[in-house]
Amino acid sequence: MNQLSQKTGSPLGVWVFPPKRANLSRTTGYQEYLYEILKQAGIWYEKLNGEDFPSALEHIRILVTAGDEEIPDKVASSLRAWVNNGGCWISIGGVCGQHDLFGVKADPPSWKGWGSGIGNLGEGYLTVEDKDHPAVAGLKRPLHYFNGVPVLPDGCRVVAKSLDVHQQPTDRALITEHTTGTGRAVLIAPDLTGTIVRIQQGTAITRDGIPAPDGSAALSDGALKSDDGIVLDWIFDRQPVPGAPGLQGFLDPAADQWREILLRTIFDAGVKTRTPLMLLWYWPRNLPAVGHISHDTDSNEREKALRLLEVLAEAKIHSTWMHIAPGYTPDIMQCIEQAGHESGFHYDAMTEGTRFCEEEFLEQLQQIEKALGGRRPRSNKNHYLRWEGDTEFYQWCSRHGITLDQSKGSSKTGEIGYQFGTCHPYYPVGPDGYLFNVLEMITPTQDLEVFAPKAIMEPILQVVTRHYGVAHFLFHPSHILTEGVDQALLEAVNRGRQLGLEWWTAEQISRWQYSRRKITWTSRDDNEVNISCPEKMQDASLLFLLPENSKVSVDEKDPARETIKRWGFTFQTTVLQLEPERSHRIKVD
Ligand SMILES: [Zn+2]
């Protein structure tokens, strides 16, 4: 492959600055996670580095940078000329010394001294100032952030401002837009990548978390679980659950909202610069979201498993059974598999005599593998959502064939919803920036009618259709005979179908999301790109954001197209059959 064909040719360029060396202050973290954020969104982009400048600017119309870096004068002057000539620079967490280009000025520190005198946003909330701006459309409540560059407006349009961590107003601007010449410079001042990672993964777990002050989520229980590491706020980040007086939940996925601010800013730039943008939609057949039902088989009771199988047959879905050692008797295991359900693993580090360590994890996993006739499960949820440490657990999953985990989630009713900020399955990242090949798909609630009132069902389904993720409901076989639980499962499935969801197993979800990350875009020409995937992807949906009067062809044919609204923008969409060894040529005229 020559060098030219390795370039994707996208008019959307992405330049991530390397992390600063140890002991230097920084306004962003995990900048490289930006690539995963964009891959998750499926968007066609080109990865750039400093050496690509200024020549890269010849075919780039929109540039996204992450981090605050002193860029060389030569690069800075070419960037300024490019913006003046119609380009759009979207900068995250820094302005690279180009304050005037962004129409902002630095907010100076209150004190200069050893290790101080370096501006930082610290922790706070975004509040919308300009409700008409597409970047923040749909944001109804203040949005939590961590870290970023502190600036004051100095000629820019202020799209969003900062509230401090106690939600007191400040003068600081958080999202700004500045027109210069025929182009624009947009600043997203908070550390978008670091905020997403911090909310999704929480902090390392070494002790109990802080309980909710209303008594609805007693994290101080002497058992280390994933929720002990949550970083969102009990007061500001929860809201009342309609129909359940007194109960609050995390009903807005904060990390997804940050992702969408970036995507909407990019799409807005596409519209304003008349730049065609393309992406592979999250799900096949343009599904708005998918649903998933998991079961943790605590205590392996035969009669209850048989009843649950009847309920699932009535619901006409396939689900994922997380088997706790030693597993059901072979005949029940067979019934589950023959009915088409997936068998996963329920690692137990809670029961007396068990430990939270890789050796124990593998021992129990092998027991379940044996009970399944030698086939290793590929998905897992930890019993009681047990967790210790930071991301070490993902290494165990990765080393032993687990491709999807569900152990981040709610172990107490008062934390239902999105305390980890996302309804999307995501690839977690290690402290050194290493991306694990294990999808995390959070567990936002447990059994409806037992763990949480059925009132939470509708808010969860509304969140996932609004943010296009996965509606995950956990039903334990051990509760299936409790009055109302079987009906709640059927209602959730039917209501999800009404909203356009298909119900998938964990393995279907992880396979699809893994394949999506394998997509390649290659281009030799400004208006033409080839898309291919080494994995088969049936009914993959492509979205095109096109300038007025442009049209798109696929393999030199006018594809069957329809118009669809996503993130508040209007896209043309078509469905493709992606197969290994076959690429599709997309051309925009
Ligand atoms: Zn369990």
Side-chain angles (χ1 to χ4, degrees), residues 205 208 217-219 221-229 292-309 311-312 319-329 332-333 336 341-357 360-369 371-372 377-388 393 396-397 400 402 404-413 415-416 419-420 438 440-452 456 472-482 485-486 488-489 505-506:
I205 290 155
D208 271 340
L219 301 192
D221 61 0
L224 297 185
K225 306 190 191 74
S226 57
D227 52 12
D228 288 313
H292 168 73
I293 291 192
S294 65
H295 317 290
D296 303 351
T297 75
D298 308 0
S299 69
N300 291 311
E301 295 162 280
R302 177 187 182 83
E303 293 311 317
K304 291 176 181 175
L306 291 171
R307 173 63 192 138
L308 180 54
L309 281 168
V311 178
L312 295 172
S319 60
T320 300
W321 295 60
M322 301 299 185
H323 294 293
I324 198 165
Y328 290 108
T329 51
I332 298 286
M333 286 297 219
I336 292 169
H341 304 299
E342 179 194 356
S343 285
F345 174 42
H346 196 40
Y347 167 45
D348 178 7
M350 188 72 188
T351 304
E352 213 179 323
T354 60
R355 295 160 303 150
F356 193 88
C357 66
E360 173 94 28
F361 175 83
L362 181 59
E363 219 173 276
Q364 292 182 21
L365 179 63
Q366 285 168 336
Q367 271 189 64
I368 297 301
E369 184 177 4
L372 290 168
R378 292 173 61 79
S379 46
N380 171 71
K381 187 189 301 108
N382 292 346
H383 187 42
Y384 277 78
L385 305 177
R386 279 272 287 125
W387 197 281
E388 290 180 24
F393 180 72
W396 311 349
C397 289
H400 303 299
I402 299 292
L404 183 146
D405 175 70
Q406 309 180 340
S407 306
K408 297 258 181 194
S410 303
S411 78
K412 306 285 185 275
T413 312
E415 48 171 325
I416 43 178
Q419 81 278 56
F420 290 103
V438 181
E440 180 59 50
M441 185 167 85
I442 69 135
T443 300
T445 179
Q446 303 196 18
D447 313 65
L448 300 179
E449 300 286 38
V450 177
F451 176 88
I456 193 63
H472 175 191
F473 293 97
L474 159 60
F475 284 92
H476 291 79
S478 61
H479 293 314
I480 195 65
L481 299 179
T482 303
V485 173
D486 50 359
L489 189 157
T505 62

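Not measured: the values here are computed from a predicted model. Numbering of ligands and ligand atoms starts at 1, following listing order. One-based numbering along the sequence shown.
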task = State the NE2-CG distance between H295 and L312, to the nearest 0.5 angstrom.
result = 4.5 Å

task = Check the angle between the aromatic planes of Y347 and F393 and answer parallel, tilted or perpendicular using the 30° and 60° thresholds.
result =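 Judged by the thresholds at 30° and 60°, the geometry between Y347 and F393 is parallel.
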
ask   = Once the angle between the rings of W321 and Y328 is folded into 0 to 90°, is it parallel (under 30°), tilted (30 to 60°) or perpendicular (over 60°)?
value = perpendicular

Residue H476, metal the Zn ion (ligand 1), N/O/S under 2.8 Å = no

query = Once rounded to 10°, what is the value of the angle centred on the Zn ion (ligand 1) between D298 OD1 and H383 ND1?
reply = 110°

query = In H346, the N, O or S atom nearest to the Zn ion (ligand 1) is which?
reply =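 It is NE2, the N, O or S atom of H346 closest to the Zn ion (ligand 1).
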
Note: D296-K381 ion pair, threshold 4.0 Å (strictly below) =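 Salt bridge flag = yes for K381 with D296.
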
